[in-house]
Structure formats: C-alpha cells, structure tokens
Amino acid sequence: MGLKLYNSLTRRKEELKPLEEGRVGIYVCGPTVYGHPHLGHAKSYVSFDILVRYLRYLGYSVTYVQNITDVGHLTDDADEGEDKLVVAARKERKHPMALAEYYTHSYFEDMDRLNCHRPDISPRATGHIIEQIELVKTLMEKGYAYEVNGSVYFEVAKFADYGKLSRRNLDEMLAGVRVEVSPDKKSPADFALWKKAEPNHIMQWPSPWGPGFPGWHLECSVMSMKYLGKTIDIHGGGLENQFPHHDCEIAQSEAANDVQFVRLWMHNNMITVDNQKMGKSLNNFITLKQAFAGAHERLTRHYDPIAVRQLILNSHYRSPLDFSDAALFAAQSGYQKITETVKAVRKRMATAVEGQADKKTANQLKKMREKFEAAMNDDLNTSIALSVLFELVRLTQKLLEDGNTNVGTLNLVDVLFDRLGGDVLGIVKAEYPQAGAADEQVMDKLVNVLIQQRNQARENKDFAKADELRAKLDQIGIVLEDKQEVTTWRTK
RNA sequence: GGCGGCGUAGCCAAGAGGCCUAAGGCGACGGUUUGCAAAACCGUUAUUCGCCGGUUCGAAUCCGGCCGCCGCCUCCA
C-alpha cells in the first residue's frame with residue numbers, strides 16, 4: 001500500500017499519484033518576513049518537512065518550493081491597506097528590503113535549528129514582479145480581470161469554481177463581508193491582482209497600469225507555475241490560508257491556464273497556547289528564539305529546538321496543537337531519552353563482541369519498520385511513528401543491558417534509528433558533538449577532572465565531598481551518572 | 001449570521017464500528033540497581049472516551065439533541 005494523504009479539495013484521503021512517476025513537485029506557502037518566526041511557523045514547516053523527508057525516504061525525487069513573501073499583503077482588505085513590511089520597516093526605520101533580508105535570515109536560522117531541510121527553491125516575491133505582471137495581463141486578455149484607477153481586480157463572478165476549496169459560495173461570502181468595500185470593485189468579493197501605488201509608497205514597480213505593486217495572492221500562482229509547472233502535485237499551507245488565499249490562487253491560475261492548478265491540497269492545523277489563539281496582543285505570542293532561549297514568561301526553562309520539533313510530531317499535522325510549558329517539558333524529556341539511547345548504542349558498538357545480527361531481534365526491528373511505514377503511509381501519522389521510535393528505545397535499552405549483544409545486532413538498531421528517527425522524523429542526529437567540536441573536547445576534559453576528584457572522594461568514602469561536587473555541577477547544569485565502570489556527564 | 005473543526009487518564013496525544021476491559025510520551029507511585037543519587041529496567045496509574053438519547057448482535061468510533069472550546073469568513077503558518 002502506498003502513501004495516502006488527506007486532500008483538502010476532495011476531503012478524503014487519497015493515494016498519492018504524481019503526474020510524473022517517481023517525481024513529486026511541492027509548493028508550500030512560505031512566511032511573510034516581517035518578524036521573527038514563531039511556534040506557528042514551526043508547526044507548519046516541520047509538518048511539510050516531514051512530508052518531504054518521507055517522500056524522499058520512499059524514493060521519490062522531490063522538488064520542494066517554498067516562497068519568501070517580501071512584498072504585498074495589505075494590512076486590511078480596504079484600499080487604504082498598507083504593506084505589512086512597509087509598516088514594520090517604518091517602525092524600525094529601515095528600508096523594507098533590509099527588513100525582509102534580516103527576517104529571512106532569522107527564518108532560515110530557526111528552521112535550520114528545527115532540523116527542517118531547506119527547500120530546493122526559495123523564490124522571493126520581489127524577484128518575480130515581471131512574471132506577476134504577465135499573469136495579470138493574461139487574465140485581463142481573457143476577460144477575468146478589469147482595471148480601475150491604476151489597480152487591477154480579479155472578477156470573481158467570471159470564475160464559476162470560485163471558492164471550491166473552502167466550499168463557500170458568493171452569497172455567503174458577501175453576507176460575511178465585514179470591512180469597507182472599495183468603491184472601485186465591481187463586487188465586494190473581487191480581489192486585487194495589482195494595486196496602484198501612491199507616490200510616497202516605497203515598494204513600487206512600473207506596470208502597464210502605472211506604478212504599483214502586486215496583489216496578495218499573485219506570487220504563489222506565479223512562482224509555483226514557474227518552477228513546478230501549470231499543474232502541481234501538492235500545495236501546502238496553513239489552514240487559515242485556505243480562504244481566501246488558496247481559493248484566489250486557484251481562481252487566478254486556472255483562469256489563466258485552463259488546467260487544474262493543484263492535484264492535492266494539504267493544510268496543517270493551528271497552534272494554540274494554553275488553549276488560546278496565539279496573538280501578539282494576548283501576551284502568549286512565543287517566537288522560536290524565545291522558546292530556544294527560555295526567554296518568555298510562560299516558559300520555565302530553555303528548550304532544545306528538537307524538543308519543539310518532537311512536540312509537533314507528537315500530534316497529527318491536521319490536529320490543532322495546544323502548546324504549553326508542561327507539554328514542551330514532556331517533549332524535552334522524551335527527546336533526551338531517545339538521544340541518550342542512540343548515543344549509548346553508538347558507544348557500545350565500539351566495544352561489543354563481533355557477530356552476526358541476532359535473528360529474533362532482526363525480526364522485531366523489521367516489524368517496527370513496517371509499523372512505522374504503515375503509520376506514515378496513513379496521512380503521515382507521526383504520533384504513531386514516534387511511538388514506534390520509543391518502542392525501539394525500549395528494545396535497545398534491553399539489548400544494552402545484556403552485555404553479550406553483538407555488533408551486528410547493534411548495527412541494525414543504529415541503522416533503524418538513523419533511517420526512521422533521523423532521515424524521516426529528523427530528531428535523531430547523525431552525530432552528537434560530545435567529542436566533536438574543539439570546545440566540547442576541552443569541556444569534556446574539564447568535567448572529567450572534577451569527576452576524577454569526586455571518584456577519589458568516593459573511594460575514600462568521603463561522600464559528603466563527593467555529593468558536594470555533584471551538587472555544584474548540577475547547579476551549573478551538568479548531570480553526573482555513575483555507570484558500572486565509569487562516570488559520565490551530560491547537560492540538563 | 002455563514003462555513004468548518006474539536007472535547008479521550010494529572011498533562012500532551014493516537015485511535016474513527018468488533019484485534020479497544022483505549023497506543024505512545026511526560027508526570028506520579030512501588031520495586032530492581034546505586035554509598036546516596038542519576039540513568040536504565042520491571043510494575044501500577046481511563047471497565048472508560050463532554051452530557052443525554054438513538055441505530056446496531058456490538059459504538060470512543062455512526063445518527064440526533066444539549067453543553068463547552070477553537071478556527072475561518074480581514075494579513076496571519
């Protein structure tokens with residue numbers, strides 16, 4: 001059985017059948033770079049990272065495109081709307097492009113720490129103004145768009161399928177209109193393809209309709225078309241973008257090209273913080289940098305970025321995830337357990353007895369892999385996939401307790417950790433820096449000096465001194481563990 | 001007002017008609033181990049899935065009602 005994914009368009013799980021066998025093109029709505037990335041970004045991009053990783057694990061050749069929105073996006077639906085980047089730039093007294101650059105770096109930095117693979121292509125909206133103008137021209141030629149006062153609007157009434165993704169009809173939408181409607185529009189539901197820029201507007205480009213800037217939804221249509229073709233296999237994004245953003249993308253693209261735009265739509269659900277929507281005004285808005293540093297009043301400690309990743313994988317991408325310090329703390333503990341187990345296996349491999357893998361164990365491992373794949377094939381059930389990883393942890397610890405477990409067996413275990421925990425889930429690392437970087441080596445030697453002193457005290461039965469040393473190290477975040485032969489250390 | 005989702009142990013969270021007297025993680029408690037810890041291991045921790053009815057031989061899973069929470073309809077991952 002192959003991979004099944006839930007298609008928001010048909011509202012069913014469907015077997016993935018790419019247009020071109022063995023190759024998958026994916027477009028995911030990327031961030032608007034006007035602030036540091038937050039927990040919501042993490043949920044979305046970790047979810048799609050898992051999709052890409054699993055497809056590659058299955059042997060697909062994947063082209064993963066994720067845009068960077070560095071222009072557009074009015075702050076509201078009325079004509080008076082201002083570009084979010086421009087608003088933020090004015091606050092920080094920087095050029096909008098400088099700001100976009102700064103936050104683009106911040107975005108990639110945090111995604112790297114979450115161990116998300118970089119997209120194959122990260123196209124910028126400002127780098128595709130020409131293509132966007134071309135698409136607007138096409139839509140005007142085909143009669144789907146009209147110009148008024150230097151702005152161009154898409155005439156929703158001309159596109160019969162409008163709203164097919166979110167399953168809304170025009171009447172409902174009109175009844176729900178809450179903002180002031182531009183007098184230029186023929187219908188309140190029409191949306192802007194190109195906006196006229198006032199002379200003092202910084203971000204503007206020449207166009208057949210005068211100076212202006214592209215509308216909110218245009219970039220995704222244009223860039224996905226440019227890099228993945230007129231029909232793409234998978235388009236992903238946050239649930240909140242389903243309407244109007246994705247429905248507008250469909251309208252523009254299909255009106256222009258007369259072919260299906262996206263075969264399979266995927267939407268990840270949202271994050272709440274302590275059961276409330278995360279919002280800047282609610283004092284529960286947590287950026288990833290704050291979470292990693294523990295620099296937020298709702299957090300009791302700093303968290304490993306991979307613990308954040310693990311918390312996200314603990315639930316399903318289509319379920320809402322409630323974020324809390326307690327939940328993150330639990331994820332951190334679980335992650336530590338996995339990490340320590342993997343490290344222990346790798347260490348033991350150097351000293352374990354030679355031999356072929358034990359058949360019974362090999363069989364257990366094979367079953368785990370099958371269970372893991374079955375879970376992932378069922379619309380990426382990472383929660384079950386993760387539980388399989390914990391089964392592997394338990395089995396591994398038992399194997400490690402048995403001093404006779406041979407290298408062949410341990411090697412099979414390590415491979416499974418690498419493939420499932422590493423390649424697919426991205427929570428097991430190929431290498432842990434304990435003995436890697438120069439600083440780590442110095443640190444290791446330093447702590448070992450203290451460990452020797454303490455062990456000397458223990459031999460002398462001076463437990464008061466031994467405990468004092470341990471307590472002092474504990475205070476600075478170093479935990480000692482007395483194993484059978486040696487004492488090891490780790491950071492909290 | 002319209003559209004959609006959710007409510008499972010102390011916390012997070014899978015499960016979507018019989019394999020469920022409900023995965024997994026965290027926490028807690030008891031035990032093994034330890035100088036004491038930590039780590040690890042073993043065991044215990046929901047006869048029950050918001051509430052009330054119904055369908056069915058059988059429901060956490062389907063249907064109806066009620067209660068509570070959330071998202072979208074405006075930029076937002």
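Side chains are part of it too, since the values below use all heavy atoms of this structure and drop only hydrogens, waters and symmetry mates.
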Listing for RNA chain B: consecutive Watson-Crick or G-U pair runs of at least 3, distance cutoff 3.5 Å, ranges ordered by first number, gives B:1-7 with B:67-73, B:10-12 with B:24-26, B:27-32 with B:40-45, B:50-54 with B:62-66
Counting the atoms with a prime plus P, OP1 and OP2 as sugar-phosphate, which does A:Lys398 contact under 4.0 Å by heavy atoms, base, sugar-phosphate, or nothing?
sugar-phosphate
Short side-chain N/O contact to B:C12 OP1/OP2 from A:Ser324, under 4.0 Å
no
Quick one: label A:Arg318 by what it contacts on the DNA or RNA (base, sugar-phosphate, nothing), any heavy atom closer than 4.0 Å.
nothing
Every protein N/O within reach of nucleotides 21-25 of chain B N/O, cut-off under 3.5 Å:
unit_1 : atom_1 : unit_2   : atom_2 : d
B:A23  : N1     : A:Ser383 : OG     : 3.0
B:G24  : N2     : A:Asn314 : OD1    : 3.4
B:G24  : N2     : A:Asn314 : ND2    : 3.2

Considering every strand and a 4.0 Å limit on heavy-atom distances, what is the contact class for A:Ile271: base, sugar-phosphate, or nothing?
base
Assign A:Gln397 to base, sugar-phosphate, or nothing according to its heavy-atom contacts below 4.0 angstrom with the strands shown.
sugar-phosphate
How would you label the contact of A:Tyr45 with the nucleic acid (heavy atoms, under 4.0 Å): base, sugar-phosphate, or nothing?
sugar-phosphate
So what does A:Gly238 hit on the nucleic acid, given a heavy-atom distance under 4.0 Å: a base, only sugar-phosphate, or nothing?
sugar-phosphate
Answer with base, sugar-phosphate or nothing: what part of the nucleic acid does A:His38 contact at a heavy-atom distance below 4.0 Å?
base
Check if the side chain of A:Asn269 and the base of B:C6 share a donor-acceptor pair of N or O atoms closer than 3.5 Å.
no
Over all strands shown, is A:Ser319 touching base, sugar-phosphate only, or nothing at heavy-atom distances under 4.0 angstrom?
sugar-phosphate
